[in-house]
There are 2 protein chains.
Amino acid sequence: MGIKERKERHKEDLKQLILDTAKSLFTRYGYEATSIRKIAAEIEFSPTTIYLYYKDKSDIIYALHQEGFKLLSDRFVTLSNVEHPFERLKAMGRTYIQFALENSDFYELMFIMREPLDFLDTHCGEMDGDGWPEGDATFNSLIMTIMQCQEYGYFKGHETKTFALLVWSTVHGLCSLTVHGHLEHIVKNRQFFDSGISAMEASFNSFLQMLESMK
Amino acid sequence: MGIKERKERHKEDLKQLILDTAKSLFTRYGYEATSIRKIAAEIEFSPTTIYLYYKDKSDIIYALHQEGFKLLSDRFVTLSNVEHPFERLKAMGRTYIQFALENSDFYELMFIMREPLDFLDTHCGEMDGDGWPEGDATFNSLIMTIMQCQEYGYFKGHETKTFALLVWSTVHGLCSLTVHGHLEHIVKNRQFFDSGISAMEASFNSFLQMLESMK
DNA sequence: AAATATACTTAACACTGTTAATATTCAAAA
DNA sequence: TTTTGAATATTAACAGTGTTAAGTATATTT
């Protein structure tokens, strides 16, 4: 039955086309512009057709959130070359921040908005699912790196996972405040010494200096 | 002209009633339920009447955001009793976290959502305003405390404002990840040792331990 | 050829923020 | 005391949003 397969493939194609269109609108015009009706208009289908391929909006949002994690993952794999775990940890921080600044809409979807997690709760798992696979995988690589740092004598007396969460929170805090404009409003009318670099960079450097001294 | 004054007061009263109603809906049912139409229905006025007292929705959202800062400020003033700046810094962190957990909707309005800052940008200041008065005031008290810590020998070699931003980011990062459910999803299916306390508490304690060692 | 399954659309529901035009109210001026 | 005019409030509408029930048209199977 080759015909059935061809139809199946066509169906997969349209599902992919919807996602690509959503991604394009999202990347170009942000979250606001990414409505089901606008996606439908872009691919010249009726809005209800979208519902034949995605359960609801949170389903599309979750798929976009996954695309974001692919982008971040691509950046992280290049860091596996960095041998020394502490150097790698520092590079991960820089990469994470750079990703957040260059893909702020994706960052929001991945680490700030509730919608993707809502989708996981209401449409997937339901008690059995592993919570949040994308976030888990990313957090795991951080835990591994920090564990290796500890083998080199860093962060003594700190439980690995707890310390990993602490590191993530710090960097995420900087990114969150920056991406949503809070940092900009605080920096305004307050000279943050060290001309040339941003307040965020300065704070991140301060953080690295802090970590460095924990050996 | 006593009549004019009475009308003025009535006008102020209605403006306050709108805000109180918004606050009530917001506190009880969250951001979703706080629409202009629902506020109007609650006070039995037409939705357009709201626009005679508030420019637009972001105006109401900004007013609510200010209410949130009043609540946080009330909690912070009691900490001025704590004499030793480092003890005060720790207490500030705990208070901030507790506030975020107990008033997560307000926390979102104050430190996560863009809308209140959008209001400042488009309806106020416009080049001359001081950016974000409420955020500024809160951040200033943190800067002051950290400056006093430095006088006691803490955080040597770290620029005050930069380090204050670092501390804020860390605690905000923990709150942001918790309030939006990301932390919960990560902790799920991953035993975070130290039974009894949450992963967040554990990380915060790890942070305090880290700061303590910086003397 | 008739029955059935698939893919898609139209129309509608129940919301959202916001605005223009209209009506009501009520103190001040003629 | 009647008229005027500003302040206050409302109705109706616009342009959106996500989502669903019902209907259509096309292609496959019986």
Side-chain angles (χ1 to χ4, degrees), chain A residues 1-19 21-22 25-26 29-65 109 113-116 118-119 121-123, chain B residues 1-19 21-22 25-26 29-65 109 113-116 118-119 121-123:
Chain A
M1 292 197 187
I3 292 151
K4 201 166 187 176
E5 274 174 23
R6 202 181 61 214
K7 286 203 89 182
E8 279 296 312
R9 205 171 57 226
H10 172 72
K11 193 162 178 174
E12 282 304 309
D13 283 356
L14 189 44
K15 180 157 188 173
Q16 189 59 49
L17 179 62
I18 291 168
L19 183 57
T21 308
L25 285 173
F26 184 75
Y29 311 114
Y31 181 75
E32 297 287 88
T34 312
S35 74
I36 285 180
R37 293 174 128 98
K38 275 176 191 159
I39 297 168
E42 195 82 359
I43 60 175
E44 295 181 295
F45 276 85
S46 103
T48 48
T49 303
I50 309 275
Y51 287 87
L52 299 172
Y53 299 90
Y54 290 91
K55 233 177 155 61
D56 54 22
K57 198 186 178 182
S58 75
D59 196 348
I60 300 173
I61 293 302
Y62 180 72
L64 278 177
H65 140 285
L109 228 50
M113 285 176 62
R114 282 205 191 84
E115 279 79 353
D118 286 349
F119 175 77
D121 289 338
T122 62
H123 296 304
Chain B
M1 294 195 185
I3 292 148
K4 202 166 187 176
E5 274 174 24
R6 203 182 60 214
K7 286 201 88 180
E8 279 296 312
R9 205 172 57 226
H10 172 72
K11 192 162 177 172
E12 281 304 308
D13 282 355
L14 190 44
K15 180 158 188 174
Q16 189 58 47
L17 178 62
I18 291 168
L19 183 58
T21 307
L25 285 173
F26 183 76
Y29 311 114
Y31 181 75
E32 296 287 88
T34 312
S35 73
I36 285 179
R37 292 174 128 99
K38 276 177 189 158
I39 297 168
E42 194 82 359
I43 59 175
E44 295 182 294
F45 276 86
S46 103
T48 48
T49 303
I50 309 275
Y51 288 88
L52 299 172
Y53 300 89
Y54 291 91
K55 233 179 155 60
D56 54 23
K57 198 186 178 181
S58 74
D59 195 348
I60 300 173
I61 294 301
Y62 180 71
L64 278 177
H65 140 285
L109 227 51
M113 286 175 62
R114 280 204 192 83
E115 278 80 351
D118 286 349
F119 175 77
D121 289 339
T122 61
H123 297 304

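Quick caveat, the model's predicted, so the values are computed rather than measured. Residue numbering restarts at 1 for every chain, and letters A, B, ... go by the order of the sequence lines.
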Q) dT10(C), dT8(D), dA7(C): which one has an atom nearest the side-chain heavy atoms of Leu52(B)? A) dT8(D)

Q: Using salt bridge (charged side-chain N to carboxylate O under 4.0 Å, His left out) as the criterion, list what pairs up with Arg114(A), not counting sequence neighbours.
A: Glu108(B)

Q: Report yes if a side-chain nitrogen or oxygen of Thr49(B) is closer than 4.0 Å to either non-bridging phosphate oxygen (OP1 or OP2) of dT10(D); otherwise report no.
A: yes

Q: Could you pull out all residues at least two apart from Ser58(A) that satisfy side chain to side chain donor-acceptor pair (under 3.5 Å)?
A: Asp56(A)

(Q) Can you tell me which nucleotide in dA9(D), dT9(C), dT19(C) comes closest to the side chain of Phe45(B)? (A) dA9(D)

Which donor-acceptor pairs under 3.5 Å do the side chains of residues 41-50 of chain B make with protein atoms, sequence neighbours left out?
residue, atom, partner, partner atom, Å
Ser46(B), OG, Thr48(B), N, 3.3
Ser46(B), OG, Thr48(B), OG1, 2.8
Thr49(B), OG1, Ser46(B), O, 3.3

Q: Just report the end-to-end axis angle for the helix from dA1(C)-dT30(D) to dA30(C)-dT1(D), five pairs per end, to 10 degrees.
A: 40°

(Q) Please report the distance, rounded to the nearest Å, between OH in Tyr54(B) and P in dT18(C). (A) 14 Å

Q: Send over the distance from Asp13(B) CG to dA9(D) C1', rounded to a whole Å.
A: 17 Å

Q: Evaluate the side chain to side chain contact (heavy atoms under 4.5 Å, CB included) criterion for residues Leu25(A) and Lys38(A): first the C-alpha distance (whole Å), next the side-chain angles of each, then the deciding distance (0.1 Å), finally the verdict.
A: CA-CA 8 Å; Leu25(A) 285 173; Lys38(A) 275 176 191 159; 4.2 Å; yes

(Q) To the nearest 0.5 Å, what is the distance between CG on Leu64(A) and CG on Leu19(A)? (A) 5.5 Å

Q: Check the distance between dT19(C)'s P and Lys57(B)'s NZ and give it to me in whole angstrom.
A: 15 Å

Q) Would you say a side-chain N or O of Tyr53(A) is under 4.0 Å from OP1 or OP2 of dC8(C)? A) yes

Q) Is there a side chain to side chain contact (heavy atoms under 4.5 Å, CB included) between Glu115(A) and Tyr31(A) once you walk through the steps? A) CA-CA 12 Å; Glu115(A) 279 79 353; Tyr31(A) 181 75; 4.0 Å; yes

Q: Using atom NZ of Lys55(B) as one end and atom P of dG17(C) as the other, report the distance to the nearest whole Å.
A: 18 Å

Q) Hey, can you pull the residues of residues 35-44 of chain A with a non-hydrogen atom under 4.0 angstrom from DNA chain D? A) Ser35(A), Ile36(A), Arg37(A), Lys38(A)

Q.
What is the separation between atom CD on Glu32(B) and atom C1' on dG17(C), rounded to the nearest whole Å?
A. 14 Å

(Q) Please report the distance, rounded to the nearest Å, between CD1 in Ile50(B) and P in dT10(D). (A) 10 Å

Q.
Tell me every residue that passes ring-ring contact (aromatic ring centres under 6.0 Å, His included) with Phe26(B), counting only those two or more places apart in sequence or in another chain.
A. Phe106(B)

**Q.** Euclidean distance, atom OH of residue Tyr51(B) to atom C1' of dT18(C) [Å, nearest integer]
**A.** 5 Å

Q: Whole angstrom is fine here: how far is it from CG in Asp56(A) over to P in dA14(C)?
A: 20 Å

**Q.** Thr21(A) to Leu17(A) - nearest heavy-atom pair and separation
**A.** OG1-O, 2.7 Å

